[in-house]
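What follows is a single structure, written as C-alpha cells, with notes after it.
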Amino acid sequence: DGLLDAAAPVDIPHHSARLGFWDIGADTIGDCRDPWPPQVTVDDCGCTACVTAESHADGSFTIQDAVDRVREAGGGTVCIGIGEFALQAPVNLAGAVSMRVKGQGAGTVLVAPGAALEIREALAIAVQDLSIVSLGERAAIVASTVLGLALTDLVLAVVGSGDGGGAAIALAGAILATRIERNLVLAPHGVRALDPHGETPQLLMTAALTIADNVLWCERSAVRLDGPSYHLLTTAVADNQVLGCRDEAITLLGLAAPGSAVQVQRNLVQGSGNGVRAGVDGLWVEGNKLAATGTRSGSVGIDLRPGLDADGADQCQVLANQVSGYRFAGIAVRSQVRALIIKLNIIEACGQGIVMLDDAEAAMAAIENNQLRDIGPDGNEENPGAVVGIGLSRVASATVAGNVMERVGAATGNAPLRAGVMALAAGRLRVHGNQMVELSPASDFGGLAVGIHVDGPFAGIDLRNNQVERDAQARTDPGRAAW
C-alpha cells in the first residue's frame, strides 16, 4: 500500500562539535568555543589606526600620528584604547575628511592644559566615546569651519575658569550640520560661541545645529551662542539637563536668517541665574522646566532681549513652560517683537508674572491660558515696586484671555501697586475671560490693589467676562485698604 516501513524515525536532529582538546601529556585543555559576546579590542578590523596608552606615552605611535595616517589615507577611524593620554598640544584635525575618532568609553581619558582637539576646515568629522580633562586654558574641543560634525557620548571636564577659557566646546567660523548629543559636561561654560584665546574667526555662523540630550553641569552657562552669531536653517537646543548656572543657562542671541527656526525645547534648568535668554527671529521657547535654586536678585526665567537685529524679532512663541522661583520675573520681554504669543505657561513664586518692560514693543501680542500663582516678593522688601501678574507696554494690538492668577502681591505688604492685568499704551486691547483671585494681603495693606489697570493712550478696549476677587473667601469687613 505504499507504506514507508523503512524510513528513518522522525526526531529532533542532533549535531555534535568539539568543545575542546585535552592534552594528556601537557595536562592542558584547549577551548574551541567562540566566546559570546565576542571580545573586541582596540585593534579590531573597524579601526584604520589604533593607539594604546603605552604607544602614546613612549612616543612610538601617538594620537596625532594616528590622525595624520588617517588624514593621508583620505579618511577612516582612529581608535584610542583604555588609559590616560597626556597631551602637550592639541590633537590637530585640520583639513581632515571623513574621520572618526573614538575611544572605548569613559576609560579613554585625554588630559590637556587647554584644548585637547582642534578641528579646523574639516569635513565629516565624528568624535565619540571618550573623556577629556582640560585645565581650562582654552576650550577642551575647538571647532572652526566644519561641515558635518558629530560630538557624541563624551565626558568633558574643564577645571579652569574665567571669561576667556573654561569652556567644554567652542564653535567658530561656519559650523554646518552639527550634532552635540548625549554628552556629560562639567565646566564653567558648556557650549559657547567663539574661542577668545585661539586663532579662530571671531564670528560664528551655524546651520542645522543640534545640541540635545546632554547633561550640562556648568558653573556659569550651559549654552552661550551670543555676540556675532548668525543662525541659518534650524538651531535646536532640546532635551538637555542643565544644572548649576549662575549666569544665563541658555543664551541664543545674534541674528537668525529669514525663514530659519530657533528652538529651545524640553530642557530642564536648575540654577541660581537666569533660565533662557533669547532674542532672534523664528524663536520657539517651548516645554521647558525652569526652576531657580538661589536668591539672586534680578533673575528671570525666560528673558526676551534684543539680538543683533535692531528692528527686533518678527516672530516669537513662548509655549507650555513651567517657571518657578525667579526673583524678578517669570517671563520678561525687553525687545521689539512683531508677533508675540505667550500661552499655556505655569509661573509660580516669581517677582513678576509676564511683563513687557520699557524697551519692549509689539505689533501683535496674545497672552492666553497661562496660570500664575504666588507672584510678588515676600514680606516688606525695601522699595519693592509694583507687582503685576500680566503687564503690557506699547502694543498695537493685544489679547489677554483665559488666564488664571492667584495670589498676586498677596505676600507683599508694602508694594505701591498690585495688578492682575496692567496695560500701558495698548492700541487695541481685549481682556476676556480671565480669573484673578487674592490680589492683595488678607489684612490691610499699603498702596493700591486693582484687578485690571489700563492707562492710555489707546484706540479701543474690550473688557468682558473677567472674574476679579480680592480674597479667596468672601469677607464681611472690607477694611481700609485701597482696593
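Numbers for residues simply follow the sequence, beginning at 1.
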Table please: side-chain donor-acceptor pairs of residues 255-263 below 3.5 Å, with sequence neighbours left out.
from	atom 1	to	atom 2	distance (Å)
Ser260	OG	Ala257	N	3.3
Ser260	OG	Ala257	O	2.5

Would the number of heavy atoms belonging to other residues, nucleotides or ligands and lying under 6.0 Å from CZ of Arg100 be above 12? no

Looking only at side-chain N and O atoms, does Thr399 offer a donor or acceptor that is under 3.5 Å from a partner on Arg430? yes

Can you give each donor-acceptor pair under 3.5 Å made by side-chain atoms of residues 269-281, sequence neighbours left out, with the distance rounded to 0.1 Å?
from	atom 1	to	atom 2	distance (Å)
Asn274	OD1	Val300	N	2.8
Asn274	ND2	Glu248	OE2	3.0
Asp281	OD1	Asp314	N	3.0
Asp281	OD1	Gln315	N	2.9

Would you check if the side chain of Asn466 reaches a backbone N or O of Asn434 as a donor-acceptor pair within less than 3.5 Å? yes

Checking Asn345, Asn370, Asn369 against Asn403 for side chain to side chain donor-acceptor pair (under 3.5 Å), the one that qualifies is Asn370

Closest approach of Ile347 and Gly330, non-hydrogen atoms and distance? CG2-CA, 4.0 Å

If we ignore hydrogens and angles and just use 3.5 Å, is the side chain of Asn183 paired with the main-chain N or O of Leu156 as donor and acceptor? no

Please identify each residue that fulfils side-chain hydrogen bond (donor to acceptor under 3.5 Å, both in side chains) with Arg334, with sequence neighbours left out. Asp303

Answer yes or no: are there more than 12 heavy-atom neighbours, outside Arg394 itself, under 6.0 Å from its atom CZ? yes

Set out, in order, the CA-CA distance, both residues' side-chain angles and the distance that settles side-chain contact (heavy atoms from CB on, under 4.5 Å) for Asp374 and Glu348, then state yes or no. CA-CA 6 Å; Asp374 300 312; Glu348 297 181 340; 5.6 Å; no

Looking at every non-hydrogen atom in both residues, tell me the closest pair between Val185 and Ala168 and how far apart they are. CG1-CB, 3.5 Å

Exercise: identify the closest heavy-atom pair between Ala360 and Val333: CB-O, 3.2 Å

Run Ile342 and Ile302 through side-chain contact (heavy atoms from CB on, under 4.5 Å) and show every step you take. CA-CA 11 Å; Ile342 302 176; Ile302 299 172; over 6 Å; no

Flag the pair Lys102 and Asp129 as a salt bridge only when some basic side-chain nitrogen lies within less than 4.0 angstrom of an acidic carboxylate oxygen. no

Electrostatic pair Asp153:Arg182 at N-O distance under 4.0 angstrom: yes

